[in-house]
**Q** 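Below: one structure in structure tokens.
Per chain, numbering begins at 1; letters A, B, ... match sequence-line order.
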Amino acid sequence: MEINEKFLKPYDPANTESKIYKLWEESGFFNPDNLLGNRKESYTIMMPPPNVTGVLHMGHALMITLEDIMIRYKRMQGYKTLWLPGTDHAAIATQSKVEKEIQKKEGKSRHDLGREEMLKRIKEFAQQSHDTIVSQVRVMGASCDWSREAFTLDEKRNLAVNTTFKKMYDDGLIYRGNRIVNWDPKGQTTISDDEIVYEERNSKLYTFKYSADFPISISTSRPETKVGDVAVAVHPDDTRYTEYIGKEYDLEFAGVPIHIKIIADKEVDPAFGTGALGVTPAHSMIDWEMADRHDLPRPQVINEYAKMTVGGENLLGKKVTDAREVIVSWLRENNLLEKEEDIKQNVSTAERTGGIVEPLPKLQWFINVNKPIPERGNKTLKDLMSEPLKENKIKIIPDYFSKTYFHWIDNLRDWCISRQIWYGHRVPVWYKDEEIYCGIEAPQGEGWKQDDDTLDTWFSSGMWTFSTLGWPEKTKDMDTFHPTDVLETGYEILFPWVARMILMTGYNLNTIPFHTVYLHGTVRDGQGRKMSKSLGNGIDPLDIAAKFGADAGRMALIVGTAPGTDSKISEDKIKGYKNFANKIWNITRFVLDNVDEKNFHPLPTSPLVNGEENSLIAEFKKVYEDITSDMENYRFHLASEKIYHYIWHRFADEIIEESKKIILEGSEKADERKTALVSIWTDCLKILHPFMPFVTEEIWSMLLIKDKNLLMVEKWPS
RNA sequence: GGGCGAUUAGCUCAGCUGGUUAGAGCGUCACAUUGACAUUGUGAAGGUCAGAGGUUCGAGUCCUCUAUCGCCCACCA
């Protein structure tokens, strides 16, 4: 048979892939509304929106590949498939990135620029970043519906955010309170517990007395906070201190008058240090809770700039680190310091700015996770987060992650949702004199001023599965595509994101956001190191696509990468799959070279005359049935390996080799063999398509099949 | 401190519900090849499945303990 002259040269991914992607887009089949046939069941994946803080890395490439595999597979199986792409404004991350750049280039701070100008700059940056991301996603071959693309900070998502905020506010679940929060002095904003990274640092533990006549010694690594102490807590069963419980002392500590009450609290560990704990309610989370239990005052001694707000000249206005030295030398001079030990300590730092987190009491907005929700029995938001997993309505793959999920929920505290940054959804609350108004839109009348704060970025991304479908409007998309099927994401955001999606969906819609959570691991370099800018070992998916082809990159990411486990990627591995693409190319060349047009029509689905050819087809049927079962069970790492192995080492190395004898030597069963080759090979292309969509589609376009459509909408063999 | 995971060929890893001589890719060695493909083919070497015990007719796979490594959570102040 005459073949396309393209086959005389090796496969050229660089020139093929962009052409094929265009073909797909023009077909309209990325959009489920345009899919042909009677597709009753929907299959939906919401793409985890990449942050608009820069470019995509290999982790994103893995995410896109996995989701594209799932979507393409289900599309070929006749589902109404929607894969909805989008990007995340990533509030703090984006703002602090732009702030840093402006500081570096122009030497200006955000306050020099002002809210409006700063926001303009951030939006410009976000737009650029968005455009880069979108082009990268296309290069990877993602068959997502661009017509429905969403952004976590656009108007539609804002309506969803404000609607939810108001509902929670009216239900008494969102409250404004003066509570201790994680304050980032560098970023000048509160941050949530999950935005903290602990860094182990060498530190000192000081053991001392407040004054010579005070009966109990205490230990601390932060002496400067001790001017804010209001109590000393001991364990109720600690006989060493029983006689002091309930006594009160007026003291002067480093020139600051303090009033100390001795209290008994079972949270105190009698074995640690002296077994007595100086209670500083305003600057320590557990001390704050202790103050709740014992009704203690909460004097603040450190401000938002991590500077002292009390004391004489030697202390007032000093940075906490300097104040620490002042206090320590004061203790020494007064013979109060009993012990000084070197210890390793976990210091809380802000994920985005690196600033050392200072616990401070602040007036902020919180979501109460322990309060019964009106008209939901006695259920709390915490219950909404754990129930779907307990009742097996949501399945996590691999399932051992469920255990850590419950552990996290158990330890959950009220969620601080307000941030003192400008880039984000503004808190939909307005103030006028003593009045407060919470609403979806600004109140009527003069003199209202909106809250300056914005919301934690996870507040809006928690609604991603339904805000993207038009909620709170009643849309056809909501009816058709929600709850979604799979949420595919990295295990590192199981808590901050997945849990909050379950919360937001349970609260707003009284249902689940998705049925299955598929977690992938971290993509590391060839030596097993995390890819990072500082190491310079990152691989840009665009470079891979240009050098080896997106298909090769996709296979290298998938084969052998089990769910939830980290994987290593190297150019050698990718190169191997570039060779595979070429192998497929040449197999096609051989097949087309040696068969006749009539072997294509009709494709045999029922027994061929000859027993041997029949058994080849039967053997392959077993292979793809096995692969189908892997696909159904999210074992893409096995499915991809199996089709690879079958094509190269069974079909090419053995079946084609023996076919040479039969066909080239003109055996009498040559015709049956040709038909069998065509039959198996066309099905191989279908099975391989979700993994290597470009090369398979390109080859498909050159096959002489009657009434064929794009391979992406061909029927999966069964 | 609590929790979770890993340990299989020189390297990187698969091995789904326990079932015949334990698999792949890369690497190594030997050979082959002017007819689909050197981005190739054929073949070989290479593993007491971390260690010890247990359950079972049968264990890389299940249980217990030990060792090493990794990750997550947690403000021993």
**Q** Check nucleotides 7-15 of chain B for protein N or O atoms closer than 3.5 Å to its own N or O atoms and list the pairs.
**A**
from   : atom 1 : to        : atom 2 : distance (Å)
U12(B) : O3'    : Lys568(A) : NZ     : 3.2
C13(B) : OP1    : Lys568(A) : NZ     : 3.4
C13(B) : OP2    : Lys568(A) : NZ     : 2.8
C13(B) : O2'    : Gly560(A) : O      : 3.3
G15(B) : OP1    : His637(A) : NE2    : 3.2

**Q** Tell me, do Ile627(A) and Met631(A) make a side-chain contact under 4.5 Å, heavy atoms counted?
**A** yes
**Q** Which whole number of Å gives the distance between the P atom of G5(B) and that of A14(B)?
**A** 15 Å
**Q** Which part of the nucleic acid, if any, lies within reach of Asp593(A) when heavy atoms closer than 4.0 Å are counted: base, sugar-phosphate only, or nothing?
**A** nothing
**Q** If you measure from the C1' atom in A24(B) to the same atom in U64(B), how many Å do you get, rounded?
**A** 33 Å
**Q** If you only use heavy atoms from C-beta on, which nucleotide in A24(B), A36(B), G41(B) is closest to the side chain of Glu657(A)?
**A** A36(B)
**Q** Measure from the side-chain heavy atoms of Asp630(A) and tell me the nearest of U39(B), G25(B), C16(B).
**A** C16(B)
**Q** Out of A77(B), U39(B), A74(B), which has the shortest distance to the side chain of Ser221(A)?
**A** A77(B)
**Q** Can you measure Asp287(A) atom CG to A77(B) atom C1' for me and round it to whole angstrom units?
**A** 7 Å
**Q** Name the orientation class of the two ring planes belonging to Tyr646(A) and Phe620(A) (parallel below 30°, tilted from 30 to 60°, perpendicular beyond 60°).
**A** tilted
**Q** Would you say Trp648(A) places a side-chain N or O within less than 4.0 Å of OP1 or OP2 belonging to A24(B)?
**A** no
**Q** For C11(B) versus G47(B), give the span between their C1' atoms, rounded off to a whole number of Å.
**A** 14 Å
**Q** Less than 4.5 Å apart, side chain to side chain, heavy atoms only: is that true for Pro359(A) and Ser284(A)?
**A** no
**Q** For G10(B) and G46(B), measure between their P atoms and round to the nearest Å.
**A** 11 Å
**Q** Where are the stems of RNA chain B, defined as at least 3 consecutive Watson-Crick or wobble G-U pairs with both distances under 3.5 Å?
**A** B:1-7 with B:67-73, B:10-13 with B:23-26, B:28-32 with B:40-44, B:50-54 with B:62-66
**Q** Looking only at non-hydrogen atoms, find the nearest pair between Gly275(A) and Asp238(A) and report the distance.
**A** O-OD2, 4.3 Å
**Q** Nearest nucleotide by nearest heavy atom, which residue falls closer to the 5' end of RNA chain B, His645(A) or Thr588(A)?
**A** His645(A)
**Q** Checking side chain to side chain contact (heavy atoms under 4.5 Å, CB included) for the pair Ile263(A)/Val232(A): CA distance, chi angles, key distance, verdict?
**A** CA-CA 6 Å; Ile263(A) 58 169; Val232(A) 164; over 6 Å; no
**Q** What interatomic distance, in whole Å, is found between P of U66(B) and the corresponding atom of G1(B)?
**A** 14 Å
**Q** Quickly work out the Phe7(A) CZ to U39(B) C1' distance and round it to whole Å.
**A** 16 Å
**Q** Taking atom P of U39(B) as reference, at what distance in whole Å does atom CG of Asp653(A) sit?
**A** 17 Å
**Q** How about Trp681(A) and Phe651(A): are their ring centroids closer than 6.0 Å?
**A** yes
**Q** Rounded to whole angstrom, note down the P distance from G51(B) over to U8(B).
**A** 10 Å
**Q** Please give the distance between the P atoms of G58(B) and U20(B) as a whole number of Å.
**A** 14 Å
**Q** I need the Thr588(A) OG1 to Asn586(A) CG distance, nearest 0.5 Å.
**A** 8.0 Å
**Q** If you check the Phe495(A) side chain, which of U40(B), C37(B), C72(B) turns out closest?
**A** C72(B)
**Q** For the residue pair Phe691(A) and Tyr644(A), is the inter-centroid distance of their aromatic rings smaller than 6.0 Å?
**A** no
**Q** Using OP1 and OP2 only, check whether a side-chain N or O of Asn586(A) sits under 4.0 Å from U40(B).
**A** no
**Q** Using the ring of each side chain (for Trp, its six-membered ring), is Phe214(A) parallel, tilted or perpendicular to Tyr210(A), with breaks at 30° and 60°?
**A** perpendicular
**Q** Quick one: on RNA chain B, does Tyr577(A) or Ala581(A) contact a more 5' nucleotide (nearest heavy atom)?
**A** Tyr577(A)
**Q** Measuring to OP1 and OP2 of G35(B), would you say a side-chain N or O of Lys660(A) lies under 4.0 angstrom away?
**A** no
**Q** Measure from the side-chain heavy atoms of Tyr400(A) and tell me the nearest of C4(B), C76(B), A74(B).
**A** C4(B)
**Q** State whether the number of non-hydrogen atoms from other residues, nucleotides or ligands found under 6.0 Å of Lys362(A) atom NZ is greater than 12.
**A** yes
**Q** Looking only at atom C1', what distance separates C63(B) and A22(B), rounded to whole Å?
**A** 23 Å
